[in-house]
Structure formats: structure tokens, C-alpha cells
Amino acid sequence: MELEPLHQWDLTPKQAVALQRELRERLDPRPPAGLTVERVAGADISMSRGDVWAYGGIVVLDAGTLAPVARSSAAVRLTFPYVPGLLSFRELPVLSEAWTRLEVRPDVLIFDGQGIAHPRRFGLACHGGLLFGVPSIGCAKSLLVGKHGPLGEERGSVADIIHDGEVVGRAVRTRLGVLPVYVSPGHMMDLPTAVELVLRMTSRYREPETTRHAHRLVNDVRRSARGES
DNA sequence: GCGACAG
DNA sequence: ATCTTGTCGC
């Protein structure tokens, strides 16, 4: 897919925080008018213990059958450290390269991390959606900020995530008796649509199939690249 | 100052 | 994220 550079990546953590405050103003909190979701993609990265290489991948699924229809991957040297709140500056360089190599445009892209459920309302899914120009959702396995009340045990049970008095996302039970996932809108997305799509892309496991396919892809690519079995 | 802290 | 052994449950 095409990709217009938004900014440079050679930044200090301090500069990255300032950039987040700038870029958040450009987020669109609404899905595109008449959005029809036929293809949903998942993005993920993988790395080895003491290695500078990161492997990123994107897998596009048919939203009706959950079957993969396209995939892409890339490897890039990591530069930015992991800093809570600045994850996108570590992951997006390699995901950008994978996005460039992707030949089928998804209607929505689901990231493995937060959207607006972030200290500055600009998590990985916000940054990625803005950079790629695609509606995006954050679906994380744990919380970065905020709290939520109890939720029912059945699939589809939800509880609002509150941070600084604002509803920034929802804890969503995707299967009976499993821990919830944490869903928040990224770019060109709202909360009800994000929750509905995460549930639609989830079948027999806790995480959406998009995330699971992307996770498997990047781990396979990493093992091949390092000559493992 | 102390604890929390996506991946 | 990755590293690891054991352990719980269908």
C-alpha cells in the first residue's frame, strides 16, 4: 500500500511525546460515512532476546469467512527503546515497511496495543491508523491506563475503561470464562464499532483472528530468518 | 518520593 | 516482546 511519511523516526523520547500531542489533533474519531467492512487486517511484530532485528507483519482476512486473503512482512533494525506510552515509535517503522509491501487494502486494521486508551490519547493504533490512512482499532491484552468495573462471564460482556474521567475504551469478554481484551478506537473509528468488529473477528480464542494470524506470521518469519526450525 | 507501566 | 518448567483442564 501507499504510505506518505508523517514525520521522522529519529527522535528522542521527549520529542516523541511532543509529537504525540501534535498528531492527536489530526485524529478522526468517526468511521468513514457508509463504511462497509469486507476485509480486516491484523498487525504484529516479533523479536529475539538480544537481537537488534524486529520482524513485522500484516495479515488481511475476509471479514465474512475469517480466511486470510493477503499478507506481508518486513525486517528492520530496532532503534527506539520500549518505553510505556511510546510503543508506536518502536513498532511502526517495521510495520510501515510491511504496509508498503501489502497489496490488498483492508477496510480496518487492528493493532496489538492501545488506541486512545493512552495517557495522551495517542496509542499505537492511533498513530498507525493516521500514518497508513486507514480506520484502526487497538485491541490489547492488558491495560496501559484506566480502570474498569466487573463484567459478565459470557462472550460479549463489556465494561467501560475510564481514565481521567473519560471513557477511553472497553474491556470486552470475547469468550466465556477468559480474561477480557481491551478495545479502544484508533483513527477514523468509534468505540461501538471497534467493539463490534473485535467481536466479529473473534471465534474460538481470546484474541481476534487478525491478531493471531499476524502473530503466527511474524514468529514464522523470525525463525526462518534466524535459521531455526 | 513511590508505584504503575501496551509490547 | 522474549525466556522457560511445570501444571491445569478439556
| request: Begin from the C-alpha positions of A:Arg222 and A:Ser48 and carry the test side chain to side chain contact (heavy atoms under 4.5 Å, CB included) through to its verdict. | output: CA-CA 8 Å; A:Arg222 174 173 60 94; A:Ser48 298; 3.1 Å; yes
| Close residues, residues 192-220 of chain A, relative to DNA chain C [heavy-atom separation under 4.0 Å] | A:His215, A:Asn219
| For the hydrophobic clusters of this structure (ILVMFWY residues joined by side-chain heavy atoms under 4.5 Å, transitively), does one cluster hold both A:Val104 and A:Leu197? |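 Per the 4.5 Å side-chain linkage, A:Val104 and A:Leu197 are not co-clustered.
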| So A:His187 and A:Phe132, ring pair (Phe, Tyr, Trp, His ring centres under 6.0 Å) or not? Walk me through it. | CA-CA 10 Å; A:His187 184 44; A:Phe132 301 162; over 10 Å; no
Gap between atoms [atom1] and [atom2], on [X] and [N] respectively (whole Å):
{"X": "A:Tyr182", "N": "B:dG7", "atom1": "OH", "atom2": "P", "value": "10 Å"}
{"X": "A:Ile161", "N": "B:dA4", "atom1": "CD1", "atom2": "P", "value": "19 Å"}
{"X": "A:Phe122", "N": "B:dA6", "atom1": "CZ", "atom2": "P", "value": "19 Å"}
{"X": "A:Phe111", "N": "C:dA1", "atom1": "CZ", "atom2": "C1'", "value": "17 Å"}
{"X": "A:Lys147", "N": "B:dC5", "atom1": "NZ", "atom2": "C1'", "value": "11 Å"}
{"X": "A:Arg90", "N": "B:dA6", "atom1": "CZ", "atom2": "P", "value": "13 Å"}
{"X": "A:Asp44", "N": "B:dG7", "atom1": "CG", "atom2": "P", "value": "10 Å"}
{"X": "A:Asp164", "N": "B:dA4", "atom1": "CG", "atom2": "P", "value": "18 Å"}

| request: Test A:Ser157 against every option in A:Arg155, A:Glu154, A:Glu153 by the side chain to side chain donor-acceptor pair (under 3.5 Å) rule and name the one that passes. | output: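 That would be A:Glu154; it is the only one of A:Arg155, A:Glu154, A:Glu153 passing the side chain to side chain donor-acceptor pair (under 3.5 Å) with A:Ser157.
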| A:His163: which of A:His148, A:His118, A:Arg121 passes side chain to side chain donor-acceptor pair (under 3.5 Å) |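 With A:His163 as partner, A:His148, A:His118, A:Arg121 yield a single side chain to side chain donor-acceptor pair (under 3.5 Å), made by A:Arg121.
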| task | Carefully, step by step, assess A:Val40 and A:Arg200 under the rule side chain to side chain contact (heavy atoms under 4.5 Å, CB included). | result | CA-CA 10 Å; A:Val40 180; A:Arg200 193 196 298 183; over 6 Å; no
Counting only side-chain N and O atoms of [X], is one of them less than 4.0 Å from OP1 or OP2 of [N]?
{"X": "A:Ser46", "N": "C:dT2", "result": "yes"}
{"X": "A:Ser142", "N": "B:dG7", "result": "yes"}
{"X": "A:Arg222", "N": "C:dT2", "result": "yes"}

Taking atom [atom1] of [X] and atom [atom2] of [Y], what is their separation to the nearest 0.5 Å?
{"X": "A:Ser184", "Y": "A:Met189", "atom1": "OG", "atom2": "CE", "result": "11.0 Å"}
{"X": "A:Arg206", "Y": "A:Arg173", "atom1": "CZ", "atom2": "CZ", "result": "9.5 Å"}
{"X": "A:Thr202", "Y": "A:Arg175", "atom1": "OG1", "atom2": "CZ", "result": "10.5 Å"}

Pairwise N/O distances under 3.5 Å, protein to nucleotides 5-9 of chain C:
none

| task | Scan A:Gly85 against the nucleic acid and name what it touches under 4.0 Å (heavy atoms): base, sugar-phosphate only, or nothing. | result | base
| said: Please classify the nucleic acid contact of A:Leu78 as base, sugar-phosphate, or nothing, using heavy-atom distances under 4.0 Å. | reply: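 No contact.
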| request: For A:Tyr82 and B:dG7, say yes or no: do the ring centres fall under 5.5 Å of each other while the ring planes differ by less than 30°? | output: yes
| said: Reading 5' to 3' and counting Watson-Crick or G-U wobble pairs with both distances under 3.5 Å, write the dot-bracket notation for DNA chain C, | for bases paired outside the strand. | reply: ..........
| query | Is there side-chain contact between A:Leu199 and A:Val172, with at least one heavy-atom pair below 4.5 Å? | reply |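 When only atoms from C-beta onward are counted, A:Val172 and A:Leu199 do touch, with a gap below 4.5 Å.
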| query | Is any side-chain heavy atom of A:Trp53 closer than 4.5 Å to a side-chain heavy atom of A:Arg77? | reply | yes
| note | Closest of C:dC3, B:dG7, B:dA6 to the A:Leu144 side chain is B:dA6
| field | Nucleotide nearest A:Lys141 when distance is taken to its side chain, options B:dA6, C:dC3, B:dG7 | value |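 Of all the options, the side chain of A:Lys141 is nearest to B:dG7.
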| query | How are the rings of A:His127 and A:Trp9 set relative to one another: parallel (under 30°), tilted (30 to 60°) or perpendicular (over 60°)? | reply | parallel
